[in-house]
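Remarks on the structure that follows.
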Amino acid sequence: MKVLLVEDNERVSRFVVKGLREAGHTIDHVENGRDGLFYAASETYDAIIMDRMLPGQIDGLGIIETLRQQGNRTPILVLSALSSVDERIKGLRAGGDDYLTKPFAFGELLARLDALVRRLQVDAGATQLSVGDLHMDVRSRKVSRGGRAITLQPREFQLLEYLMRHVGQVVTRTMLLENVWDYHFDPQTNIVDVHISNLRQKIEIQGEKPLVKTVRGAGYMMTADS
Amino acid sequence: MLTRFTRSSALALALGYVGLGVVALALFALPLWYAWRVTVEEYRVELIQEDVQRFSEVFARRGAEGLSAFIDERVNLQIAGDRLLLLADPSLQPLAGNLESWPKEVPAQPGIYTIDMVVVGHPSRVGLVRATLPGGYNLLVGRDITHFNPLENRFWLGLGVSLTVLLGVGIASGWLVRRVVLSEIDNISHSVGAIVHGDLSHRLPVTPRGGEFNTLSTTINRMFDQIEQLVHGVRNVSNSIAHDLRTPLAELRSRLEEMVVTRPSGEELNEGLADAVEDVDRVIGIFNALLRLAEIDAGAQRSGFVEVNPAELASRAAEFYRPAAELKGISLDFRDAAEGVRLAGDPLLLSQAVFNLLDNAVKFTPAGGHIRVEAARGDSGIEISVGDDGPGVPDEEKQRVVERFYRGDLSRGSTPGVGLGLTLVSAIASLHGGRLDLTDNHPGLIARMVFDSLQPGVQAAL
C-alpha cells in the first residue's frame, strides 16, 4: 500500500520509513505541515501517518481537519507524544481514525495501519464469519468448528469476532484492549494473553489445527493456514 | 550590641512608641496653651485698653496737665497697683507716671506689645499699650506680668519632664522588647537556620507554658515535619527510580553486550533483540506510570468527567481479571450493593484504579484464595472495594504502601512491579474527591475507594 508519513523527527521517520519499506509498502515522507497538507491533498494514499506537532504553519490536527472538510476520507493514524485521554479524544474528534502515543513499537504501528486500511476493504456488516473450519454466526451468536458447537462467554465471543474480522492481520494487545474491552490505556498486565489462552482452549481442542498465532513482539494473528 | 540594637526592629518599635507619646503629649498641651493665651492675655489686654480709653477721655476733657494730675493722683494713691503708667510729651520726656523715663524697649509705633524691660531696677515682663494722644503726647499703659512667669515656667517644666520620662520609658521598653520578645524571635530564627543548614531531624524547643511563641514553634516544627517527609520521599523516590530502572537497564546492557561479543546470527539475534526491546518497554512503562501520576496529581484530567456507573465499571474490571485469577487458582466474584448510584468521574482512570487493586490482589493472593470485588453504597458515599485473603498489609505499613515506589518487603525482589500501583489508585481517588482506605480483611486486605455520590447539581454541570 501507499502511505504518507508526515513527521519532523528524523529518528522516528527513519525508523518508520525503513520498517514500512521492509514490510513492502511505498512511502512518501514529508517533514513539515505545509508539505504534508500539499501531498495529502494532491496525491492518493491508502493511509496517512500524521504527527501532531509539526513545523510549518499548520499542525497535524489542522491538516486532518482541512482534509476532512475537503471530503478526503483517507484513513489517518495520528502520532503524538501527548498521551492523556483528552488529547486522544481531540485527535479523534479532528477526524483521525486512530491514535498512537510515542514511543510506540513498530509492530503496533504496522498492525494499526493494516487494520485502518483493511477496514475500508472488508464488509463490516458481514454476519457470517469463517476462518478455516471455524464458523461464526454473528446474529444468532453461534460458533462452531467442524460441526462441533462451541459455547463462549459474551466477552470471549467479542474477542473471537474481532480476531475473525481481522483474519490474516496482526492485532496487538492494545488493539484488543481498545476494541474488545474499550479500555483505552495500557494496564501493564498480561491479562489479554490469559483471555486469548482461554479462547484458544475452547476453539483449538486437541488435534485441531491452531488458528490464533502469537506474533512475537506484536500480538496475535488469526489465520487458517499455518 | 548597640549597632544590633539600632538596626533591630526593637529600635523602630521604641521610637514608634516615643513618637506616639510625644504626639499624645502635644495634643494634650496645645489646647491648654491656647486656652491660657486666649483667656488670660486677652483679658489683660482688654483691661489695659479700657485704661487707655479712660485716660484718653481725661486728656480730651482736661488736656495734658489734667491727665498728668490724674495719673499722678493715681500713682500717689497706690490705685495704680501693679500697673505701669507713663505720659510723655512729643519728645518722649515723661510728664507723669510711675516710670522715670520713657523705656527705650517700647517700639515707635502705637500698638499692643509684650516686652521684657527693667522696671524700677527689676527685670520684668510687661504687657503694655502705647497710644498717641492728640498733640503728639504719648501714653504708655501696661501691667507687670512677671508674676505669671513662674506659672508658665512650671507648665513648660512639666511638659519637659513628661517628655523626658516618655523618652526614657520608650527607650527602656525598646530594650525590654528587644531583650524579651525579639530575643525569642532571634532564638527561633537561629534554631531554624541551624536546622536548615544541618540536621533536618532537629526541632525547636516547645515549653508547656504556652503562648504565641510556643504556637509559632509548634507550627514551624510541623512545617519541618512536612519538609523532612518530603525530602525523605524525594530521596526514596529517586532511590527507587534508580533501583527499578537499573534492573531492566542492566539486563538490557548485558544482553546487548553479549550480542556484541558472540555476534549471533539469524533466529538467535532476533530473539535477543526482541528481549532487548522488552527490557526497554519495561523502562518506558515505569516512565509512563510516573507521567500519568504527575498528570493526575495536577488534576489535568478532571475535564473528562462523565457520569459513571460504579457497579458496571467494577464488574467489568472483575470480569476482565477473572481468567487471570482462575489461572492462579483464585476465585474472584463481584457483588453489587451500589443500588444504582452514579458518580462523576473519568471511567478510564477509575477502571485503571480498579485494575491496579485487582493486580495487587491477584499478585499477592495464594492459590485457593478468594478475591471479592464490590461496589457498594456506604455511609460516607460510594465505595468500590477489592478484598482478598492474602497476607494483607501490617497496620504500620498501611500508610507507606501508598507512597510512591514503596514496596513491602514481601513484594520487593519476589514479585514484578514498579511500586506505583497504590500511589496511582490513591491519586485517582483524590482526583475524584475520594480517598483510598486500606483495612484488614481478617485475613487479607480490603482496598476501598470511597467517593461522594453524584449530586443532582453535579449531574447538571456535566
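Chain naming here is simple, since letters A, B, ... match the order of the sequence lines and numbering starts at 1 in each.
Within a 6.0 Å radius of NZ in Lys142(A), other residues, nucleotides and ligands contribute 12 heavy atoms or fewer. Residue-environment remark: CD (Glu208(A)) exceeds the threshold of 12 foreign heavy atoms within 6.0 Å. For Arg148(A), the CZ atom sits in a packed shell: over 12 heavy atoms of surrounding residues, nucleotides or ligands are nearer than 6.0 Å.
Considering only residues two or more places apart in sequence or on other chains, Tyr220(A) meets the ring-ring contact (aromatic ring centres under 6.0 Å, His included) condition with none of them. For Thr174(A), the side-chain hydrogen bond (donor to acceptor under 3.5 Å, both in side chains) partners two or more places apart in sequence, or in a different chain, are Glu108(A).
Tyr183(A) OH to Gln352(B) CD: the interatomic distance, rounded to the nearest 0.5 Å, is 11.0 Å. If you take CD on Gln153(A) and CD on Glu319(B), they are separated by 8.0 Å, rounding to the nearest 0.5 Å.
Nearest heavy atoms, Asp182(A) versus Leu348(B): O-CD2, 4.0 Å.
Proximity to chain A involves both the backbone and the side chain of Glu271(B), based on heavy atoms less than 4.5 angstrom apart. At a 4.5 Å heavy-atom cutoff, the contact between Leu177(A) and chain B is made by side-chain atoms alone. Neither the backbone nor the side chain of Asn190(A) comes within contact range of chain B; no heavy atoms are under 4.5 Å apart. Contacts between Ile284(B) and chain A at a heavy-atom distance below 4.5 Å involve the side chain alone, from C-beta outward. Heavy atoms of Asp275(B) lying under 4.5 Å from chain A belong to its backbone as well as its side chain. Looking at Arg316(B), the atoms closer than 4.5 Å to chain A (heavy atoms on both sides) sit in the backbone and in the side chain alike. Heavy atoms closer than 4.5 Å to chain A are found in both the backbone and the side chain of Ala317(B).
With His195(A) contributing its side chain and Phe320(B) its backbone, the two residues share a donor-acceptor pair below 3.5 Å.
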